[in-house]
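Notes follow once the structure below has been shown.
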Amino acid sequence: MADPKGFLNHGREVAETRPVTERVKDWNEVYVPGSLLPIISKQASRCMDCGIPFCHNGCPLGNLIPEWNDYAYREDWAAAQERLHATNNFPEFTGRLCPAPCESACVLGINQAPVTIKNVEVSIIDKAWETGDVAPQIPERLSGKTVAVIGSGPAGLAAAQQLTRAGHTVAVYERADRIGGLLRYGIPEFKMEKRHINRRIEQMRAEGTRFRTGIEIGRDLRATDLKKRYDAIVIAAGATTARDLPVPGRELKGIYQAMEYLPLANKVQEGDYVTTPISAEGKHVVVIGGGDTGADCVGTAHRQGAASVTQLEIMPRPNDERHPTSQPWPTFPMLYKVTSAHEEGGERVYSVSTTHFEGDEDGNVQWLHLTEVEFVDGRPTPKPGTERKIPAQLVTLAMGFTGTDRENGLVEQFGLALDERGNIARDADFHTNVPGVFVAGDAGRGQSLIVWAIAEGRSAARGVDRHLTGASDLPAPIRPTDRSLMV
């Protein structure tokens with residue numbers, strides 16, 4: 001184990017962020033480069049070797065957290081990255097983007113600040129890339145079987161890498177012009193620089209995975225034609241149908257879905273645009289939705305020079321600390337979270353609902369009308385006399401997603417069955433009702449976290465491998481029916 005007294009001798013320290021005045025002027029990651037390594041050994045030593053590591057239950061990947069904490073404490077980076085990669089294909093993604101349900105389940109967190117699991121994770125993998133310990137794992141022999149993966153987000157990439165390493169010939173189809181899915185165009189550069197994706201793609205290419213960009217299955221290539229080409233197909237197309245806000249004035253110019261707004265900012269960083277076609281510069285920006293996607297819109301608006309940024313949330317403000325009965329340890333609590341984007345400014349307003357938008361004579365949005373709400377029998381109910389309006393010259397809708405894309409024809413062309421929530425139905429092996437067609441990630445689970453996406457991709461890969469060969473040694477960390485440890 002790590003230092004037996006580590007949790008007694010050392011308090012929790014997290015990654016140091018760059019000053020707000022500096023970081024809002026660029027798009028680099030918000031953390032001070034190299035700030036973690038000097039403190040990470042002490043932080044890893046806080047892991048208690050607690051006998052029953054509930055962090056394993058919090059993480060759907062089954063990450064071997066106490067083991068790589070011990071190696072990080074001893075600064076045995078080669079062994080640490082081996083243990084890290086044993087359960088997670090892309091720890092540099094999760095170490096930057098995951099909200100860390102493992103930390104919520106940390107036993108130390110019962111009465112102290114939990115271990116900085118995410119920070120240890122990202123330190124290990126960044127060190128591994130620096131020392132050249134991350135190498136392609138080329139299969140010893142090929143199976144002669146072919147697999148198509150639709151979608152190149154974390155679920156699709158994880159499934160593709162696992163199946164390639166099992167010896168199958170895998171091609172990943174992505175409708176965008178670059179590989180990465182929402183990792184590429186939904187996550188701002190200041191949260192994760194895209195070089196992290198690029199070097200993983202190169203590793204996968206070296207292993208034998210093939211990539212086909214700019215091809216949307218259902219539109220550019222019929223699903224039935226794809227099925228004829230491959231022995232198996234994995235659908236990892238995500239849950240990309242955004243929840244809309246059907247209120248008067250929604251048709252006004254200047255109101256966009258978050259995934260219409262965020263990708264353009266990323267394309268500027270990729271060099272596709274000099275300036276973004278949708279900019280917050282000099283505008284009063286309103287972000288509707290209080291989750292991580294909303295926070296990404298907030299941080300993006302700051303960097304584009306918004307005059308003001310207001311984030312609206314229909315739910316009440318969460319608690320600052322875990323409630324012992326309604327959100328007991330080791331469940332994943334819904335707490336008030338201050339992200340790096342919120343540190344940079346703006347106003348957050350809770351328990352409000354948009355009633356309508358108001359525009360100018362040219363059809364541009366200018367005002368957002370809202371009312372305070374209270375929950376009666378679980379439903380938000382307007383509070384009389386609380387109506388007001390706020391300036392809004394750019395509005396982004398970040399209210400979540402309702403399911404996989406139905407407009408491109410993929411679901412209908414395959415003849416896929418859906419479950420009661422509108423997700424693609426699958427059996428215990430992630431197999432759909434169509435022989436040889438599997439589904440992984442948000443397309444089958446619904447909107448979820450990056451760790452669940454990777455776990456789904458790994459588990460679906462086992463189902464595909466068993467379908468193609470009759471047996472499989474690939475790991476399957478979760479079942480399709482597994483859910484987060486929440487109340």
Side-chain angles (χ1 to χ4, degrees), residues 145-160 162-163 168-186 209-244 257-260 263 400-427 429-448 450 452-454 456-457 459-461 463-464 467-468 480:
K145 302 293 186 179
T146 58
V147 183
V149 176
I150 302 173
S152 67
L157 292 179
Q162 293 293 95
L163 289 167
H168 307 303
T169 300
V170 181
V172 178
Y173 287 81
E174 169 57 52
R175 63 182 177 182
D177 59 345
R178 293 181 177 87
I179 294 296
L182 291 186
L183 292 172
R184 173 75 64 180
Y185 286 132
T209 304
R210 303 169 183 179
F211 296 97
R212 307 281 188 265
T213 58
I215 301 175
E216 184 171 10
I217 306 303
R219 286 198 173 101
D220 302 314
L221 178 62
R222 288 187 60 82
T224 48
D225 293 336
L226 187 74
K227 193 171 186 302
K228 294 175 183 177
R229 296 186 188 182
Y230 294 90
D231 298 309
I233 294 172
V234 179
I235 299 172
T240 56
T241 302
R243 182 174 286 108
D244 212 337
Q257 290 288 351
M259 289 308 153
E260 294 176 303
F401 302 89
T402 60
T404 196
D405 191 346
R406 296 288 303 276
E407 295 183 358
N408 59 12
L410 182 149
V411 170
E412 286 72 24
Q413 290 174 22
F414 272 124
L416 297 168
L418 303 179
D419 64 20
E420 64 278 4
R421 302 182 65 183
N423 303 314
I424 300 173
R426 64 267 183 93
D427 65 14
D429 274 341
F430 295 80
H431 212 153
T432 71
N433 62 299
V434 181
V437 179
F438 297 73
V439 63
D442 290 1
R445 174 169 294 271
Q447 182 182 351
S448 191
I450 184 172
W452 282 94
I454 296 174
E456 287 245 344
S459 299
V464 174
H467 170 75
L468 294 175

When rounded to the nearest 0.5 angstrom, what distance separates [atom1] in [X] from [atom2] in [Y]?
X: D405; Y: L410; atom1: CG; atom2: CG; answer: 8.5 Å
X: L468; Y: Y230; atom1: CG; atom2: OH; answer: 13.5 Å
X: I217; Y: L226; atom1: CD1; atom2: CG; answer: 4.5 Å
X: I215; Y: R175; atom1: CD1; atom2: CZ; answer: 13.5 Å
X: I454; Y: Q162; atom1: CD1; atom2: CD; answer: 10.5 Å

Working for side-chain contact (heavy atoms from CB on, under 4.5 Å), residues I233 and Y173: CA-CA 11 Å; I233 294 172; Y173 287 81; over 6 Å; no
Are any non-hydrogen side-chain atoms of [X] and [Y] less than 4.5 angstrom apart?
X: L157; Y: T209; result: no
X: V437; Y: K227; result: yes
X: V234; Y: L163; result: yes

Testing the basics here: between [X] and [Y], what is the closest heavy-atom pair and its distance to 0.1 Å?
X: E456; Y: F430; answer: OE1-CE2, 3.6 Å
X: P263; Y: A258; answer: CD-O, 3.9 Å
X: D419; Y: G444; answer: OD2-O, 4.2 Å
X: R406; Y: T241; answer: N-OG1, 4.4 Å
X: A237; Y: A443; answer: N-CB, 4.2 Å
X: V172; Y: A160; answer: CG2-CB, 3.6 Å

Would you find a donor on one side and an acceptor on the other, under 3.5 Å apart, between the side chain of [X] and the backbone of [Y]?
X: D442; Y: R445; value: no
X: N433; Y: G415; value: yes
X: T404; Y: G238; value: yes
X: R243; Y: T402; value: no
X: T146; Y: D231; value: yes

Pair D244-Q257, side-chain contact (heavy atoms from CB on, under 4.5 Å): steps then yes or no: CA-CA 8 Å; D244 212 337; Q257 290 288 351; 3.7 Å; yes
Candidate list E216, R219, Q413, test side-chain hydrogen bond (donor to acceptor under 3.5 Å, both in side chains), partner N408, passing option: E216
Result of checking I424, T432, I235 against F414 for side-chain contact (heavy atoms from CB on, under 4.5 Å): I235
Salt bridge present between D220 and R212 (N-O < 4.0 angstrom): no
Geometric class of the F438/H431 ring pair [parallel <30°, tilted 30-60°, perpendicular >60°]: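 Taking F438 first and then H431, their aromatic rings lie parallel (interplane angle under 30°).
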